[in-house]
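All remarks here apply to the structure that follows.
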Number of protein chains: 2
Amino acid sequence: MHNSEAMALSAALLAAAGELTQRIHAGVVARGFEGLRPAHGFAFARLAPDGATVSELAGHLGVTKQAASQLVEELVRKGYVERRPHPVDARARLVVMTELGWACTRAAEEAAADAVRPWVRQLGGRQARALYEQLLVIAPNGPIRPTW
Amino acid sequence: MHNSEAMALSAALLAAAGELTQRIHAGVVARGFEGLRPAHGFAFARLAPDGATVSELAGHLGVTKQAASQLVEELVRKGYVERRPHPVDARARLVVMTELGWACTRAAEEAAADAVRPWVRQLGGRQARALYEQLLVIAPNGPIRPTW
DNA sequence: CACAGTGGTCAAGCTACTTGACCATACAGG
DNA sequence: CCTGTATGGTCAAGTAGCTTGACCACTGTG
């Protein structure tokens, strides 16, 4: 694969990621969840299983813990998450999603499905799954960096 | 494809794009081009063939023309591009790359090739090309949005 | 030749991030 | 059992890159 092709692949990857982000965000807004940014969705993805601390969130988002703390504060104010005392570490606070947060996550999943659907139609289900698996191979579970 | 899978695909796509951006940027810096951000590379990609106007650049980057103008001003100050009178429209100014700009672009292509190489090794050349072509299908030539 | 549309820049404001300082708690070593 | 260092979290202030708004130069159509 030549240098120029590598560059073209990068551009295509970035364009696809940007468009997808935009579509999901638009879908979430259309479902009535306002005042949120894509970065909040990435935070939800990390919080969803069992909650997380601010520091873990910061690592996941690729920002400082101060920035993550501000983001959490904003989500608390809007009712999507709440801070609870950490069960085993009295320094830490476990951030968990509220029912509203879960509802927003479900909306995001629906929006993601809507956004991906035309791709599946164009590629076919088999190739769409191949795309997914290829992406998993090359980016196992790295941090998601909302800002470049 | 279920909702949760669509979300996972999105996350994988975003993680891959973010990691790739970071690697290319690091490679460019390592080759001696400092004071640049990834967004500048996306600008170069649009300027490379025949130059472009500020408005075209703004459309490509998904920002206002004021922001694009500031970005161009910065690149001019650092010697990567220069503004020339537009050949057919006296209102417009054609932004073209200098020799330094071309050198930086070549460095970025090398860095992109370095970043993509491990993926090609893991996936195999055949699947890597398939990945590229799948991405072209789903994101033909949309704008690149550096910031979310 | 009037006038709406477009290309570009200047200026001011906003927002999400950063760095720096600080406190509370954890934990390992004397 | 202290003491020193590391870690989790927040407060405060500064910053970078974007936005909106205003404006001028030029285009092109009626």
Side-chain angles (χ1 to χ4, degrees), chain A residues 18 21-22 25 34-44 46-47 50-78 80-96 143-148, chain B residues 14 18 21-22 25 29 34-44 46-47 50-78 80-96 143-148:
Chain A
T21 302
Q22 197 186 352
H25 183 245
E34 298 187 19
L36 290 175
R37 286 171 289 119
H40 296 135
F42 307 146
F44 287 161
R46 181 65 182 80
L47 294 175
D50 303 298
T53 65
V54 166
S55 291
E56 289 167 349
L57 209 48
H60 179 68
L61 296 177
V63 299
T64 60
K65 57 183 183 177
Q66 291 92 322
S69 183
Q70 290 174 9
L71 189 145
V72 167
E73 174 58 29
E74 192 180 347
L75 290 178
V76 168
R77 228 174 32 234
K78 292 177 178 169
Y80 292 102
V81 306
E82 58 185 21
R83 303 186 221 244
R84 314 190 59 175
H86 195 284
V88 300
D89 189 337
R91 295 171 303 178
R93 315 174 76 178
L94 194 62
V95 179
V96 297
I144 293 187
R145 327 199 145 268
T147 304
W148 304 336
Chain B
L14 292 164
T21 302
Q22 197 186 355
H25 184 244
V29 170
E34 298 187 18
L36 290 175
R37 287 171 288 119
H40 296 134
F42 306 146
F44 287 162
R46 181 65 183 81
L47 294 176
D50 303 298
T53 66
V54 166
S55 292
E56 289 167 350
L57 209 49
H60 179 69
L61 296 176
V63 298
T64 61
K65 57 184 184 175
Q66 291 92 323
S69 183
Q70 289 174 10
L71 189 145
V72 166
E73 174 58 29
E74 193 181 346
L75 290 178
V76 168
R77 225 175 35 235
K78 292 176 178 170
Y80 291 102
V81 306
E82 57 185 21
R83 301 186 222 243
R84 313 190 60 175
H86 195 284
V88 300
D89 189 337
R91 294 171 303 179
R93 313 175 76 177
L94 194 61
V95 180
V96 297
I144 294 187
R145 326 196 146 270
T147 303
W148 305 335

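Proteins get letters first, then strands, A, B, ... in listed order; numbering begins at 1 in each.
- Using a 4.0 Å cut-off on heavy atoms, the residues of residues 64-76 of chain A that approach DNA chain C are A/T64, A/Q66, A/A67, A/Q70, listed by number.
- Following rounding to the nearest Å, A/R83 (CZ) and D/dG9 (C1') show an atom-to-atom distance of 9 Å.
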Criterion side-chain contact (heavy atoms from CB on, under 4.5 Å) on A/T53 and A/D89, from CA distance to verdict:
CA-CA 10 Å; A/T53 65; A/D89 189 337; over 6 Å; no
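- A pairwise comparison of heavy atoms in B/P38 and B/T21 identifies CB-CG2, 3.7 Å as the closest pair.
- Taking atom CG on A/L36 and atom C1' on C/dT15, their separation rounds to 16 Å, with Å as the unit.
- For the residue pair A/L94 and A/D50, the shortest heavy atom distance occurs at CD2-O, 4.0 Å.
- Summarising the geometry, the separation between CZ on A/R77 and P on C/dT15 is reported as 11 Å, rounded to the nearest angstrom.
- For C/dT6, the OP1/OP2 oxygens have no side-chain nitrogen or oxygen of B/S55 closer than 4.0 Å.
- Between atom CG of residue A/L36 and atom CG of residue A/L75 there is a gap of 7.0 Å, rounded to the nearest 0.5 Å.
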Summarise how protein sits on nucleotides 24-29 of chain D as a single string, 5' to 3': B when a protein heavy atom is under 4.0 Å from the base, S for sugar-phosphate-only contact, - for no contact.
-BBS--
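- Rounding to whole angstrom units, NE2 of residue A/H86 and P of C/dA26 are separated by 11 Å.
- Applying the side chain to side chain contact (heavy atoms under 4.5 Å, CB included) rule to A/S69 yields the partners A/V54, A/R83; only residues at least two apart in sequence or on another chain are considered.
- Of the candidate nucleotides D/dG9, C/dT18, D/dT10, D/dG9 has the atom lying nearest to any side-chain atom of A/A92.
- Minimum heavy-atom separation, B/V81 to B/V72: CG2-O, 4.1 Å.
- For the pair A/L57 CG and C/dA16 P, the interatomic distance rounds to 16 Å; values are reported in whole Å.
- Rounding to whole angstrom units, CD of residue A/E56 and C1' of D/dG9 are separated by 13 Å.
- Closest approach of A/E34 to A/Y80, counting heavy atoms only: O-OH, 3.8 Å.
- The side chain of B/V63 approaches D/dC18 more closely than any other nucleotide in the set D/dC18, D/dT10, C/dG8.
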Stepwise side-chain contact (heavy atoms from CB on, under 4.5 Å) test for A/E74 and A/Q70
CA-CA 6 Å; A/E74 192 180 347; A/Q70 290 174 9; over 6 Å; no
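- B/L71 and B/A39 get closest at one heavy-atom pair: CD1-CB, 4.3 Å.
- At least one side-chain nitrogen or oxygen of B/R37 sits closer than 4.0 Å to the OP1 or OP2 atom of D/dG17.
- Straight-line distance from the CZ atom of B/R84 to the C1' atom of C/dG8: 19 Å, rounded to whole Å.
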